[in-house]
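Just so we're on the same page: letters track the sequence lines, and every chain starts at 1.
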Protein chains: 2
Amino acid sequence: MSDNLPKLEKQTDLSAAIAERIRQDILSGALVADDRLPSESELSETHGVSRATVREALKRLAAQSLIRTKRGATGGAFVHRQSFEDAYTQMASNATLLITLNEVDITTACEARFALERGCVRLAAKHRQDHHLDKMRAEITRQKDPELSDEAFCASDVAFHRALVDAAGNPVLSWQLAAAVEGIEPLMNMLTYRQRDRDAVISLHEAMVEALEARVGARLEILMDYLRDQTLRTALS
Amino acid sequence: MSDNLPKLEKQTDLSAAIAERIRQDILSGALVADDRLPSESELSETHGVSRATVREALKRLAAQSLIRTKRGATGGAFVHRQSFEDAYTQMASNATLLITLNEVDITTACEARFALERGCVRLAAKHRQDHHLDKMRAEITRQKDPELSDEAFCASDVAFHRALVDAAGNPVLSWQLAAAVEGIEPLMNMLTYRQRDRDAVISLHEAMVEALEARVGARLEILMDYLRDQTLRTALS
DNA sequence: GGCAAGTCAAATGTCTGACAATTTACCAAA
DNA sequence: TTTGGTAAATTGTCAGACATTTGACTTGCC
């Protein structure tokens, strides 16, 4: 385990220091997924602090999804193998927080989103499968409903683009991009789409599905650029 | 504050429930950046739990950089305005964790990294300033040193690409991409570059700086593709 | 032998009350 | 005016207790 004596932890706050020690043990591979940590009592002894302090440290790690705890006889704290779902959720909330707390303007956010997404359309063209197309077409059908609220339209838009990213068949990519898109959603929700705007977006979506079906990455890139410009126009009007 | 009585929290674990309540207050805007939360004693009264439990809840929030605490007379817990630096650090460690714990293979990681980066080179070409070019050229000079360890070479590579991304002039983009690149670094560090590989990478870097200086985004995209292929060849050899 | 119920032990979750450490505000004296 | 010291508020830490959960073990019955 960690019998190191780092100097950083003299800056008070034992619970943070201990959390960091255990964290390093996990990051360094000394503890691997599903390993069980010593019990709270043992940890309090080995680290020379009270159980309350150990618990605060463990809560910090739990908040980062580094460990999970289970009660009972065979319980304890276990190194948590973070799923893509977990990571995605955490990143999305992280992104949301960052964007709302720092008052990022919608132009910057849009620019970032479309730039990232543009980067993966070639992979999507290469690896897309039929069910991705089906999903996207289903969302387009929803988007055509003139009764749809702006918010629901936006949600469908997110779903459409998530399917596009998933089509790239790369989980790391899906995870990063989905989080980015979702983080920007609060901003996008503030947009009001006129019917003309919606029609323009839907036309582009339809063209994108066609290009994806035909596996023409270059065309997808161009369409993404159009979509970005269209969205920015909507935002600034 | 939150005098709601959500049903979810009957699933035991009061500290998580209370953390979630406060978290919602922050996310919903009831508490804004730099607001001071009630003291631990007050919170324990209003939520009807002990101070220890409140503290565990606060540690969870602190671990997510949602709050920061200060001791002393005017101390307390304050809603933390997460800086881009904070978010970047958190995302990078998140990415590292996900990739190491889930044994993502280097092909997938590389593919994702270059796909994302490719998406922002056009913006970089548009907004780059001279100091970006300077930084990149400096890194190229470092990379030419044949004494450089593989790890140092890789670190310089990360710095080079970070400068490229920064050139896009979009903080959201910088933040997302820098985190992604850094998260993948542990995997890249496992690569061993032969001198021939390094020369190839350096040539591409030089060409990229030229293209960036001339603001030719399309050429940058092509070079990125070459670089991706080159890196994958190195990885698979 | 096999099954069911009860018991026990280990571990996390929570509470209580205390003390330590830190920081600011305030007040008094030089 | 400045300096120093004291008090108060607040987080950080500790020790010990009890509650709750859960799996393993034991016992007794069929």
When the distance from CZ of Arg51(A) to C1' of dG12(D) is rounded to whole Å, what number comes out? 18 Å

Can a salt bridge be assigned to the pair Arg36(A) and Asp34(A) using a cut-off of 4.0 Å between side-chain N and carboxylate O? no

Could you check whether Asp157(A) pairs with Arg142(A) (Lys NZ or Arg NE/NH1/NH2 to Asp/Glu carboxylate O, under 4.0 Å)? no

Integer-rounded Å distance: dA19(D) P and Glu40(A) CD: 18 Å

Which of His80(B), Gln82(B), Arg23(B) passes side chain to side chain contact (heavy atoms under 4.5 Å, CB included) with Leu66(B)? It is Arg23(B)

Need two values: the first and the last nucleotide of DNA chain C, 5' to 3', having an atom under 4.0 Å from any heavy-atom of chain A. dA10(C) to dT14(C)

Closest to the Arg71(A) side chain, choosing from dT11(D), dT21(D), dT13(D): dT21(D)

Rounded to the nearest 0.5 angstrom, the CG-CD distance for Leu212(A) and Gln129(A) is 11.0 Å

Is there side-chain contact between Leu43(A) and Val49(A), with heavy atoms separated by less than 4.5 Å? no

Which residue lies toward the 5' end of DNA chain D, Gly72(A) or Ser15(A), if each is placed at its nearest nucleotide? Ser15(A)

Do you see a donor-acceptor pair shorter than 3.5 Å between the side chains of Asn170(B) and Glu111(A)? yes

Rounding to an integer number of Å, can you tell me how far Arg55(A) CZ sits from dT13(D) C1'? 15 Å

Under 4.0 Å, heavy atoms only, any strand: does Arg68(A) hit a base, just the sugar-phosphate, or nothing? nothing

To the nearest 0.5 Å, atom CD of Glu42(B) lies from atom CG of Leu37(B) at 10.5 Å

Any Thr53(A) side-chain N or O less than 4.0 Å from OP1/OP2 of dC14(D): yes

Atom pair distance, as rounded to whole Å: CD in Glu56(B) and P in dT11(D): 16 Å

Considering heavy-atom distances to DNA chain D, does Thr74(A) or Val49(A) have its closest nucleotide positioned more toward the 5' end? Val49(A)

Given dT20(D), dT11(D), dG12(D), the nucleotide with the shortest approach to the side chain of Lys59(B): dG12(D)

Starting at CD of Glu42(B) and ending at P of dA9(D), how long is that distance when rounded to a whole Å? 11 Å

Nearest-Å distance, CG (Leu37(B)) to C1' (dA9(D))? 16 Å

Between atom NZ in Lys70(A) and atom C1' in dG23(D), what is the gap in whole Å? 8 Å

